[in-house]
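Some notes on the structure that comes next.
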Amino acid sequence: MAIKERKTLQALRGMVDILPEEQGYWRYVREATVSVCEGYGYGQIDTPILEDYSLFSRGVGEVTDIVEKEMYTITDKGGDTIALRPEATAAVCRAYLEHGLHNKPQPVRLYSVGMPMFRYARPQAGRLRQFHQINVEAIGDADATIDAEVVALCWQLFRKLGLKGLSLQLNSIGDPKCRPGYVEALRSYYSQQEGRLCRECKSRLERNPLRLLDCKVPGCQPLIEGAPRSADYLCEECQAHFQALTRYLGLMEVPFTREHRLVRGLDYYTRTVFEVQTSEEGQQNALGGGGRYDGLIEELGGRPTPGVGFAVGMERVILNLKRQGIEPPASPGTRVFVAYVGQEAKAQAVGLVSRLVRSGVSAMLGPAGKSLKAQLRQAGSMGVPYVLILGDQELEKGVVVLRDMTRREQREVGLEEVIEQIR
RNA sequence: GUGAGCGUAGCCUAGCGGUUAAGGCGCCAGGUUGUGGCCCUGGAGAUCGAGGGUUCGAAUCCCUUCGCUCACCCCA
């Protein structure tokens, strides 16, 4: 296998650098997440980027697009098939099992922020091959109060971030007892209309009838309108669970709309599914989504254990923060720029910068071989508020010039007391 | 995987068959001897994504290829 030669090296398709100017948004989102999640009593977890391939094929579902065509799989040097994680839930459940977290008080509330995920798909607005998620999971409690808590937490996160114009869609897709009946109803309904289906829908009818409901082709919309609704096929337990959930959400003042067409792409969902969407143009309007996954832990080899959770796409959140003109708080920046003229001054400046930084004053050294003018120009363009100037004259007197860049004033300060003066 | 649009210096853009590819931002250096933001002057930086073809002549036309973007699929 020949290694492809590139004249200009660049990041892989769908993978981007996050430069310093962008980091404010990331920090803002991370801090909001930590604050909301910790506020709800969730503990942070990080899991490895690589996992055994079978964790995802078993957890996410063998026939999902994610596993079938979007996973980055690798054979390592020992011959094992491993994969870059395409999502977090399966990995968090693996950690729950591996560390015996069922011995802790249930449910175990976990969250993660900024874990990179990988999916091999064509990039577009709001979709990358390496992207980052916020992930929240509550494992070990089947009660609808936990569904409500997780949904409310998710909604609160978006409120905290300051995003407007979002909607919360909610639905129940039943459990292993009642869903087969519903899927069968859908299938027979659509089979009768087969001539009118778009090409995609024809294959969905074979592969995953639930997905028929979120086809975007205009011609298919009337069919969706008339399709059987999951609500009418839920068993008593699922019905009761959903009703309890909606009641709790009402009491928590979380505004949601029941969306009968909402299904989710991953196989492990049971009962509750939800999604937070923007009204913005563009098809990538889901900022986050999740639901209940009562069969997942058992699928991964554990005892039957219920769970609920959701994921939020950080890139999509930041995209919308920008669209809505929400700016993260500015970072303080460097406080002192140390300019110097001459060889001995250079040496002294090196020591001075080090002392400043060690005593908690952020500082940077001027560039070597530049005129004082150039150094000041640089300090000015970088917005550094104070410049210390060190040259032969100052060295002789044992002082340093402290220049206030905003006031355009300067004075001499003894070398020993600079740090105190500038703090 | 499918479809569409686009590829000119670090960034934005002009040029759309004819001599040394133009401008703005940014960067660098000067406007006297150690002092910034405005202004003025100068400079560096582009094999016009790459390869092939048409032509006396191509950044400008054609083909191929790579890359980017957007959309579909799917999803965060």
Side-chain angles (χ1 to χ4, degrees), chain A residues 4-14 16 19 21 60-61 63-71 85-89 114-135 154 198-201 203-204 207-208 211 214-217 263-266 275-278 281-290 310-320 337 339-342 345 366-367 369-395 401-410:
Chain A
K4 216 189 284 179
E5 289 247 9
R6 277 218 181 79
K7 283 207 178 114
T8 53
L9 254 33
Q10 56 179 306
L12 295 176
R13 169 179 291 168
V16 300
L19 298 174
E21 302 85 82
V60 177
V63 297
T64 56
D65 276 34
I66 291 178
V67 170
E68 274 188 345
K69 48 186 209 194
E70 295 180 357
M71 280 237 276
R85 67 175 164 222
E87 62 110 43
T89 302
M115 294 208 303
M117 307 292 160
F118 300 83
R119 258 121 99 159
Y120 189 87
R122 290 286 287 271
Q124 66 188 77
R127 181 213 271 154
L128 293 171
R129 286 184 172 178
Q130 175 176 339
F131 59 102
H132 304 263
Q133 286 188 336
I134 295 159
N135 224 263
C154 182
C198 70
R199 212 184 43 196
E200 293 294 342
C201 278
S203 84
R204 280 192 269 244
R207 295 162 42 88
N208 192 350
R211 300 229 62 84
D214 55 15
C215 181
K216 287 166 195 146
V217 175
V263 295
R264 306 232 70 229
L266 284 57
E275 212 166 273
V276 174
Q277 304 174 349
T278 39
E281 288 303 307
Q283 303 303 122
Q284 246 59 54
N285 60 351
L287 296 193
F310 68 85
V312 167
M314 295 177 78
E315 282 80 2
R316 290 183 188 181
V317 165
I318 290 170
L319 198 66
N320 281 278
F337 186 102
Y340 59 86
V341 181
K370 298 282 184 178
S371 67
L372 182 59
K373 180 186 189 135
Q375 296 183 68
L376 282 165
R377 194 161 37 215
Q378 179 170 328
S381 78
M382 292 195 304
V384 181
Y386 297 100
V387 174
L388 291 176
I389 302 168
L390 211 49
D392 295 338
Q393 297 163 31
E394 288 74 24
L395 286 180
V401 171
L402 168 56
R403 180 168 178 81
D404 182 325
M405 295 295 275
T406 46
R407 292 164 166 277
R408 316 202 72 194
E409 293 166 1
Q410 62 186 45

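Given the structure is predicted, the values throughout are model-derived calculations rather than measurements. We name chains A, B, ... by the order of the sequence lines, and we start the count at 1 in each one.
- Going from atom CZ of A:Phe118 over to atom CD of A:Glu87 covers 14.0 Å, rounded to the nearest 0.5 Å.
- Contacts of A:Ala125 with the nucleic acid, taken as non-hydrogen atoms under 4.0 Å apart, involve only primed sugar atoms and P, OP1 or OP2.
- Here the separation of B:A9 from B:G18, taken at their C1' atoms, is 24 Å to the nearest Å.
- Nucleotide B:C28 holds its C1' atom 13 Å from the NZ atom of A:Lys373, rounded to whole Å.
- Nucleic acid contact class of A:Ala374 (heavy atoms, under 4.0 Å, all strands): sugar-phosphate only.
- Dashed line: the shortest gap from a side-chain N or O of A:Arg264 to OP1 or OP2 of B:C74 is not under 4.0 Å.
- Between A:Gln133 and the phosphate of B:A76, there is no side-chain N or O to OP1/OP2 separation shorter than 4.0 Å.
- Within the 4.0 angstrom heavy-atom criterion, no nucleotide atom of any strand lies near A:Gln378.
- A distance-only check finds a donor-acceptor pair linking the side chain of A:Glu315 to the backbone of A:His132 [under 3.5 Å].
- Using Watson-Crick or G-U wobble geometry with both donor-acceptor distances under 3.5 Å, B:C56 finds its partner in B:G18.
- Per the geometry, CD belonging to A:Glu21 stands 12 Å off C1' belonging to B:G10, to the nearest Å.
- The base of B:U35 lies outside donor-acceptor range of the side chain of A:Gln375, with no N or O pair under 3.5 Å.
- Regarding A:Leu390, its CG atom lies at a distance of 16 Å from the P atom of B:U35, rounded to whole Å.
- If you find the closest nucleotide of RNA chain B to A:Tyr120 and to A:Val312, the one lying nearer the 5' end belongs to A:Tyr120.
- Considering only the side chain of A:Arg122, B:G1 comes nearest among B:C74, B:G1, B:G67.
- Side-chain atoms of A:Gln10 lie closest to B:C68 of the nucleotides B:G36, B:C75, B:C68.
- We find the CZ-CE distance between A:Arg85 and A:Met115 to be 4.5 Å, quoted to the nearest 0.5 Å.
- Regarding A:Phe118, its CZ atom lies at a distance of 16 Å from the C1' atom of B:C75, rounded to whole Å.
- Taking atom C1' in both B:A76 and B:U64, one finds a spacing of 37 Å when rounded to whole Å.
- To the nearest whole angstrom, the two P atoms, one in B:G34 and one in B:G45, are 30 Å apart.
- When the nucleotides B:G36, B:C75, B:C74 are ranked by their closest atom to the side chain of A:Arg403, B:G36 comes out on top.
- The side chain of A:Lys370 contributes no N or O atom lying less than 4.0 Å from OP1 or OP2 of B:C28.
- Residue-level contact check: A:Arg129 touches neither bases nor backbone, having no heavy atom under 4.0 Å from any strand.
- Residue A:Ile389 is classed as a base contact, given a heavy-atom separation below 4.0 Å to a base.
- Atom CD in A:Gln124 sits about 14 Å away from atom P in B:A76, given to the nearest Å.
- Among B:C27, B:A76, B:C68, the nucleotide with an atom closest to any side-chain atom of A:Ser381 is B:C27.
- Contacts of A:Gly126 with the nucleic acid, taken as non-hydrogen atoms under 4.0 Å apart, include base atoms.
- Base pairing of B:G42: its partner is B:C28, meeting the Watson-Crick or G-U wobble criterion (both donor-acceptor distances under 3.5 Å).
- Across the P atoms, B:C12 and B:A4 are found 25 Å apart, a figure rounded to whole Å.
- Partners of A:Val341 under the side-chain contact (heavy atoms from CB on, under 4.5 Å) rule, at least two apart in sequence or in another chain, are A:Leu372.
- Within 4.0 Å (heavy atoms only), A:Glu409 reaches no atom of the nucleic acid at all.
- Judged by distance alone, the side chain of A:Arg403 and the main-chain N or O of A:Gln410 form no donor-acceptor pair under 3.5 Å.
- When both distances must be under 3.5 Å, the Watson-Crick or G-U wobble mate of B:G67 is B:C6.
- For the pair A:Asn285 CG and B:C70 C1', the interatomic distance rounds to 16 Å; values are reported in whole Å.
- For B:G1 and B:U60, the P atoms lie 29 Å apart once the distance is rounded to whole Å.
- Comparing B:A44 with B:G24, their P atoms sit 15 Å apart, to the nearest whole Å.
- Residue whose closest nucleotide on RNA chain B sits further toward the 5' end, between A:Ser371 and A:Gly313: A:Ser371.
- In terms of phosphate contacts, A:Arg377 brings no side-chain nitrogen or oxygen within less than 4.0 Å of OP1 or OP2 of B:U35.
- Rounding to whole angstrom units, CE of residue A:Met71 and P of B:A76 are separated by 15 Å.
- In this structure, of B:G34, B:G36, B:C70, it is B:G34 that holds the atom nearest to the side chain of A:Glu394.
- Contact record, A:Arg204 with A:Cys215: NH2-SG, 3.2 Å, taken as the closest heavy-atom pair.
- Regarding A:Glu87, its CD atom lies at a distance of 11 Å from the C1' atom of B:A76, rounded to whole Å.
- Of the P atoms belonging to B:A22 and B:C27, the separation is 22 Å, rounded to the nearest Å.
- Nearest heavy atoms, A:Ala345 versus A:Gly391: CB-CA, 4.0 Å.
- With sequence neighbours excluded, the residues forming a salt bridge (charged side-chain N to carboxylate O under 4.0 Å, His left out) with A:Arg211 are A:Asp214, listed by chain and number.
- Within the 4.0 Å cut-off from OP1 or OP2 of B:C68, at least one side-chain nitrogen or oxygen of A:Arg13 is found.
- Taking atom C1' in both B:A59 and B:C16, one finds a spacing of 9 Å when rounded to whole Å.
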